[in-house]
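This report refers to the structure that appears directly beneath it.
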Amino acid sequence: MQIAFIGLGNMGAPMAANLLKAGHALTVFDLDQNAVEGAVGAGARAAASPREAAAEAELVITMLPAAAHVRTVYLGEHGVLAGVRPGVPLIDSSTIDPPTVRAVAEAAALQGNPMADAPVSGGTGGAQAGTLTFMVGAAGELFEHIKPVLLGMGKNVVHCGGLGMGQVAKICNNLLLGISMMGVSEAMALGAALGIDAGVLAGIINTSTGRCWSSETYNPYPGVLPGAPAARGYTGGFAADLMLKDLGLATEAARQARQPLWLGALAQQLYQSMSQQGLGQLDFSACVKLYEAQANPS
Ligand code: NAD
């Protein structure tokens, strides 16, 4: 299939690479020229704008940081909707708010393009391995049409309901992830302060009732997991500022639903502290740094 892929960052680049491996032809666009060159090296064709990327496409996929980028890429003067042919399906895999999904989908529907939201879980490791979970919000017919393509990048492709429901699932998952990573950091830092070996403590947690993805697959404490961002100075991975964005999506959705988010609100403030301290571009598991003893200014 001829696919336009826009947004080749930590997640988009390996997702696009897997589509190429699955035999699809890709036309790509990103503001970052290095990212484009990487995809071209893997076999994609470069386009000068989202509009140009979408012009020949039979399917459009976007993987962008936040809602503002999604609006620009679809609705801008040189955006997808200015170039795509009627009837071509559009999939946005970014994590954004459901109202933006609906606004962009309404504009797309006016020119005959059906849209799905399909945010993902599984991190950069899952993107590279092609084992992502896709949470899809779409009409049933569109879901069946796009499912085979998504299976080229993931192993679980779940129909969560109509348009926007993929984002609802994703926002709730990341609310829990943001809280659980803080919880694991707090427990690991306490253990270290009390003198237990970090590897021993992680091993106990991971065979006990505290076990979770944040402790087992992505442990924030340095020296526990060789493949986790903690082992490479918290580079790559999922930026703390993106987690801050996702907790903002959760608290805003909760405000509209008049639903309390006590732990989510606290976690949001903790990631905001990271951002204030200049740690926002590090992987979100660097939140363990908030628990490091500060130098005594006396
Ligand atoms: P990233 O910042 O690494 O990549 C985003 C890419 O979009 C960058 O290459 C950037 O240059 C490009 N971009 C920005 N504006 C653009 C524009 N107007 N036109 C074209 N390209 C543009 O982000 P990421 O980590 O790949 O995350 C992407 C989305 O996936 C986010 O919504 C994030 O919340 C979500 N997500 C990330 C992870 C993760 O582990 N990194 C996991 C699940 C979901």
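Count residues from 1 along the sequence. All values below were derived from every heavy atom in this structure, side-chain atoms included, with hydrogens, water molecules and symmetry-related copies excluded. We count ligands from 1, going down the list as the structure has it; atoms in each ligand are counted the same way.
Evaluated by nearest non-hydrogen atom to atom 42 (C) of ligand 1, the leading choice among M11, M15, Q281 is M11. With D30, D283, D32, V28 as candidates, the residue nearest to atom 8 (C) of ligand 1 on a non-hydrogen basis is D30.
Under the 4.0 Å criterion applied to side-chain N and carboxylate O atoms, E144 and K147 are not assigned as salt-bridge partners.
Close contacts of ligand 1 with K170, meaning ligand atoms under 4.0 Å from a residue heavy atom, involve 43 (C), 44 (C). Annotation for ligand 1: atoms under 4.0 Å from non-hydrogen atoms of T95 are 32 (O), 34 (O), 35 (C), 44 (C). Of all atoms in ligand 1, listed by their number and element, those nearer than 4.0 Å to a heavy atom of K245 are 31 (C), 32 (O), 33 (C), 34 (O). Within ligand 1, the atoms closer than 4.0 Å to a non-hydrogen atom of L242 are 23 (O), 25 (O), 27 (O), 33 (C), numbered from 1 in the order shown. Heavy-atom contacts of L8 reach the following atoms of ligand 1: 9 (O) (cutoff under 4.0 Å). Near F29, meaning under 4.0 Å from any of its heavy atoms, are these atoms of ligand 1: 19 (N), 20 (C).
Here the protein heavy atom with the shortest distance to atom 4 (O) of ligand 1 is G9 CA, 3.2 Å. The single protein non-hydrogen atom nearest to atom 41 (N) of ligand 1 is G237 O, 3.1 Å, given as residue, atom name and distance. In this structure, the protein non-hydrogen atom closest to atom 43 (C) of ligand 1 is V120 O, 3.4 Å. Protein heavy atom closest to atom 30 (O) of ligand 1, with residue, atom name and distance, is M63 CE, 3.1 Å. From the protein, the heavy atom lying nearest to atom 29 (C) of ligand 1 is L64 O, 3.2 Å. What sits closest to atom 3 (O) of ligand 1 on the protein, heavy atoms only, is N10 N, 2.9 Å. For atom 40 (O) of ligand 1, the nearest protein heavy atom (residue, atom name, distance) is F238 CB, 3.3 Å. At the top of the distance list for atom 16 (C) of ligand 1, counting protein heavy atoms only, stands L31 CD1, 3.5 Å.
A tilted orientation is assigned to the rings of Y271 and F284, their planes being inclined by 30° to 60°. Below 30°, between 30° and 60°, or above 60°: for F143 and H159 the angle between ring planes is below 30°, a parallel geometry.
Both Y218 and I205 are part of a single hydrophobic cluster, where members link through side-chain heavy atoms under 4.5 Å apart.
Under the ring-ring contact (aromatic ring centres under 6.0 Å, His included) criterion, Y291 pairs with no residue at all, not counting sequence neighbours.
Considering backbone and side-chain atoms alike, T72 places every N or O at 3.5 Å or more from each N or O of ligand 1. At under 3.5 Å, not a single nitrogen or oxygen of G7, backbone or side chain, sits near a nitrogen or oxygen of ligand 1. Considering backbone and side-chain N/O of V73, none are found under 3.5 Å from N/O of ligand 1.
One N or O on the side chain of D283 and one on the backbone of F238 form a donor-acceptor pair closer than 3.5 Å. Of the possible polar contacts, one joining the H24 side chain to the M1 backbone as a donor-acceptor pair under 3.5 Å is found. The backbone N or O of L249 sits nowhere less than 3.5 Å from a side-chain atom of D97 that would complete a donor-acceptor pair. Looking at K245, its side chain does come within 3.5 Å of a backbone N or O of T95 through a donor-acceptor pair.
Looking at H69 against ligand 1, only its side chain comes within 4.0 Å, counting heavy atoms. When heavy-atom distances to ligand 1 are checked against a 4.0 Å cut-off, P65 comes that close through both its backbone and its side chain.
Using 4.0 Å as the threshold, S121 has no heavy atom nearer than that to any atom of ligand 1. Residue contact check for ligand 1: A35 places no non-hydrogen atom closer than 4.0 Å to it.
For R85, the CZ atom counts as densely surrounded, since its 6.0 Å shell holds more than 12 non-hydrogen atoms of other residues, nucleotides or ligands. Within 6.0 Å of CD in E56 there are 12 or fewer heavy atoms belonging to other residues, nucleotides or ligands. The local environment of CD in Q281 is sparse, with at most 12 non-hydrogen atoms from other residues, nucleotides or ligands closer than 6.0 Å. The environment of R232 atom CZ is dense: over 12 non-hydrogen atoms of other residues, nucleotides or ligands sit within 6.0 angstrom.
The side chain to side chain contact (heavy atoms under 4.5 Å, CB included) test with Q167 is passed by exactly one of C172, C160, P98, P99: P98.
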